[in-house]
Number of protein chains: 4
Amino acid sequence: MAPVPPPQLSARKSPRQARATATLEAIFEATIQVLLTDGPTRLTTTRVSARAGVSVGTMYQYYPHKQALLYAVTERYLNTVAETVERTCLQNHGAPLAQMSDTLVKAYWDAKTMQRNATRALYLVALEVNTSDLAEACMQRIEAATAAMFDSAPDAKFADLALVNLTFLTVLFGTVRSLFTRKMTEESERRVGDELSVMCLRYLEASKIA
Amino acid sequence: MAPVPPPQLSARKSPRQARATATLEAIFEATIQVLLTDGPTRLTTTRVSARAGVSVGTMYQYYPHKQALLYAVTERYLNTVAETVERTCLQNHGAPLAQMSDTLVKAYWDAKTMQRNATRALYLVALEVNTSDLAEACMQRIEAATAAMFDSAPDAKFADLALVNLTFLTVLFGTVRSLFTRKMTEESERRVGDELSVMCLRYLEASKIA
Amino acid sequence: MAPVPPPQLSARKSPRQARATATLEAIFEATIQVLLTDGPTRLTTTRVSARAGVSVGTMYQYYPHKQALLYAVTERYLNTVAETVERTCLQNHGAPLAQMSDTLVKAYWDAKTMQRNATRALYLVALEVNTSDLAEACMQRIEAATAAMFDSAPDAKFADLALVNLTFLTVLFGTVRSLFTRKMTEESERRVGDELSVMCLRYLEASKIA
Amino acid sequence: MAPVPPPQLSARKSPRQARATATLEAIFEATIQVLLTDGPTRLTTTRVSARAGVSVGTMYQYYPHKQALLYAVTERYLNTVAETVERTCLQNHGAPLAQMSDTLVKAYWDAKTMQRNATRALYLVALEVNTSDLAEACMQRIEAATAAMFDSAPDAKFADLALVNLTFLTVLFGTVRSLFTRKMTEESERRVGDELSVMCLRYLEASKIA
DNA sequence: TATGAATGAGTTTTCATTCAT
DNA sequence: TATGAATGAAAACTCATTCAT
């Protein structure tokens, strides 16, 4: 399910000693930090390695170039996202439809709220490296998890589960992103969020088989 | 309503002669072209001016730096978008709610379909220049236009028009973008689009005052 | 006759203004100088441009990369060599065979003596850039020139002029290079040179038709 | 006679155990291999040690730096060359002059033919390390061997054996190298080679004391 | 003694910006 | 006013060498 990274974007080697693992971890962390504090156009290899407390050379021991590093960081981030959603879905297996919808919207909303900057940062990374295969893989994991959850709802059956599921997710993800992109008062944000919740649930309800 | 560009992003001088206007036009066009064919990382001042058929020096007569150029190009693009929406809204003044909703969704969808690349291109520009004030101004014009339209619907009154309008737009814009970002079959795209149409209208209907 | 440089080794643009021509000239000169004084492994773009009194950027306006520069320098040098030989040959058209042989050996010897370092420098360049097509083109011009000259000798006809000519040149060039590569006393060098002269002439004489 | 390597180019330690000898051997072999397959600009210490199957650290146990390694490899190669010539000369002790000349030319020619790449590789090494003392020592061994051989010819005495010998070798080595440097048809190469053979012998004959 | 992770000076190359013509 | 040659700071990346384990 996890996509095999294209060869030019692959890491050069994996750490064998504990020291190396720590180094790699520091590099990852530093990349995110720089992305958040300095922005994607200021993300230079020198800056990242400086922040990580290692030399540039060390970075290049693990990644053949900047792109490969960014690819790896994105991969790790998206994995976390997918795992979060999968966990949430499992926890709501067999729950009533309304609870499923609300939980998902809330979970996604909260995740994004907490990682607003990280999300934005990673999106910008996509400019320099083509991470669409990673994003697609992540989406498919999420789709599978939510589909399985919806399918387990005791109070709802759908004529076309796949379509309903896909629409639900597309609207949810798109709207949340849209909301966060704009500068809006917290108040407005919250109120639109509530409306979204209602809208999503209403959509699900209306799609049920009589 | 149109945002006054921050001084450091302002153009150096306004064209006074026909020749100058033509030059500016060529520079604009070239910027978009380069963005589309070469991508945002290849957008250099030399490339743009070459494509525009003028010398770099000339370009710097009009814009003090690259950012000012990109800002101006974005501004012009967003103006076009806002104008299109405004026109559509005026044309549907006093129409039934269902027609308003469908027309808006369809208009936005079509606009995006036709300019998929241009939209993406401009989004990438946002990396290098902060155009959020422009985007915000554009959004406010659109909000005003759609609010006025919805307010003129003979078959619907809303308790909180502003909130309903904002939600409607946020969902519409976000979802469409989400849809276009993912690689999806045309079939899926169309079907989710149809679902979105239904969902939006249903939301408006449900928000009406008894 | 002059080889068309492979596209990736071509110059970026030719100078249009007098200033630009002077700049290019300085870059050429500096390249040779650095090669001679610092050696080929110390030939860096920074060093060359510094020595030329221009900035690195300027160098890159004319050549897309170091290799292209080196290729151009080699080309120019080899052209000079070929021209020198061609001139010498024309001047000895119709002369007696002995004079031809002696003049050629002496001319080549002198040329090398004067440019000992330059020659060595350029040979080393061949490591980083493939200049064999240039060398081959140069050799062919030389071969043509000497063949024409030998053919005009009033006192000698050859059964296989091409072979004799080729052998003569191969021995001459190889031996001179060999001589200059070794550290030898000037005395030894001169004496071996004289022997070479004799040897070459004797070879030509022995190859004549009855 | 063998040159004492300048201290900064000396190996760090001599192998005392069989294992160490094997390691050294592997490093030598790897150096040549990398030189031949990857070219001199790709000859890095990491590459060599990887190919040799040892770690960089180990390599630095034996050679204080890259130059020392290259120096040692060159030394070994030139020793082989010198030994080959010495053996050939001993085998032709007391033979007729014509046989001596032909054997030498043929032996050298064959050696070079077989090791075309190795020879070229080693020449390139000379760029980074000054191996002229090694080359000189090798030449002197060769000179001594051939001089002794020529001196033993029953059918020839020379007024100035040293000069004749030096000229003979310089012409032979230079011409062969020249021949191999140019791209030439095998046919041409062979024919010029034959001419060279004749030319050399004729030179020796002409230099004999009546 | 062997390992290989880490170092960082040094190299090539780019590109926004200036300014003499 | 327009031109385009020149600038040079800054970026990505390499590789000989060291040293803790």
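Numbered from 1 within each chain, the chains take letters A, B, ... in sequence-line order. It should be emphasised that the depicted structure is a prediction, and the values quoted were computed from it without experimental measurement.
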Between [N] ([atom2]) and [X] ([atom1]): distance, integer Å:
X: B:L70; N: E:dC15; atom1: CG; atom2: C1'; value: 14 Å
X: C:L24; N: F:dA5; atom1: CG; atom2: P; value: 10 Å
X: A:Y63; N: E:dA6; atom1: OH; atom2: C1'; value: 16 Å
X: D:M59; N: E:dT3; atom1: CE; atom2: C1'; value: 14 Å

task: Heavy atoms under 4.0 Å is the rule here; annotate nucleotides 14-21 of chain F 5' to 3' with B where the base is hit, S where only the sugar-phosphate is, and - elsewhere.
output: BBBBB---
Rounded to the nearest 0.5 Å, what's the gap from [atom1] on [X] to [atom2] on [Y]? Could you check?
X: C:R76; Y: C:L24; atom1: CZ; atom2: CG; result: 8.0 Å
X: C:L122; Y: C:T74; atom1: CG; atom2: OG1; result: 4.5 Å
X: D:L134; Y: D:Y71; atom1: CG; atom2: OH; result: 3.5 Å

task: Kindly state each residue pair satisfying salt bridge (charged side-chain N to carboxylate O under 4.0 Å, His left out) with at least one member in residues 50-68 of chain B, sequence neighbours excluded.
output: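 Checked against salt bridge (charged side-chain N to carboxylate O under 4.0 Å, His left out) - neighbours excluded - the pairs reaching residues 50-68 of chain B are B:D38-B:R51, B:K66-B:E128.
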- line: Contacts of D:Q67 meeting side chain to side chain donor-acceptor pair (under 3.5 Å) (sequence neighbours excluded), chain-then-number -> none
- prompt: Does A:T23 put a side-chain nitrogen or oxygen below 4.0 Å from OP1 or OP2 of E:dA6?
  reply: yes
- prompt: Phosphate oxygens OP1/OP2 of F:dT7: is one of them under 4.0 Å from a side-chain N or O of C:S55?
  reply: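 Result: yes.
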Exercise answer: donor-acceptor pairs, residues 27-36 of chain D side-chain atoms, under 3.5 Å, sequence neighbours excluded:
unit_1	atom_1	unit_2	atom_2	d
D:E29	OE2	D:Q33	NE2	3.2
D:T31	OG1	D:I27	O	2.7

Shortest non-hydrogen contact between A:Y62 and A:T23, atoms and distance: CE1-CG2, 4.4 Å
message: I'd like to check the salt bridge (Lys or Arg N to Asp or Glu O under 4.0 Å) partners of A:R12; sequence neighbours left out, ordered by chain and number.
response: none
query: Pairs counted as Watson-Crick or G-U wobble with both distances under 3.5 Å: what dot-bracket string results for DNA chain E, using | for bases tied to another strand?
result: .||||||||||||||||||||
task: Name the nucleic acid region contacted by A:Y62, choosing base, sugar-phosphate or nothing; use a 4.0 angstrom heavy-atom cut-off, strictly under.
output: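 Sugar-phosphate, backbone atoms only, no base.
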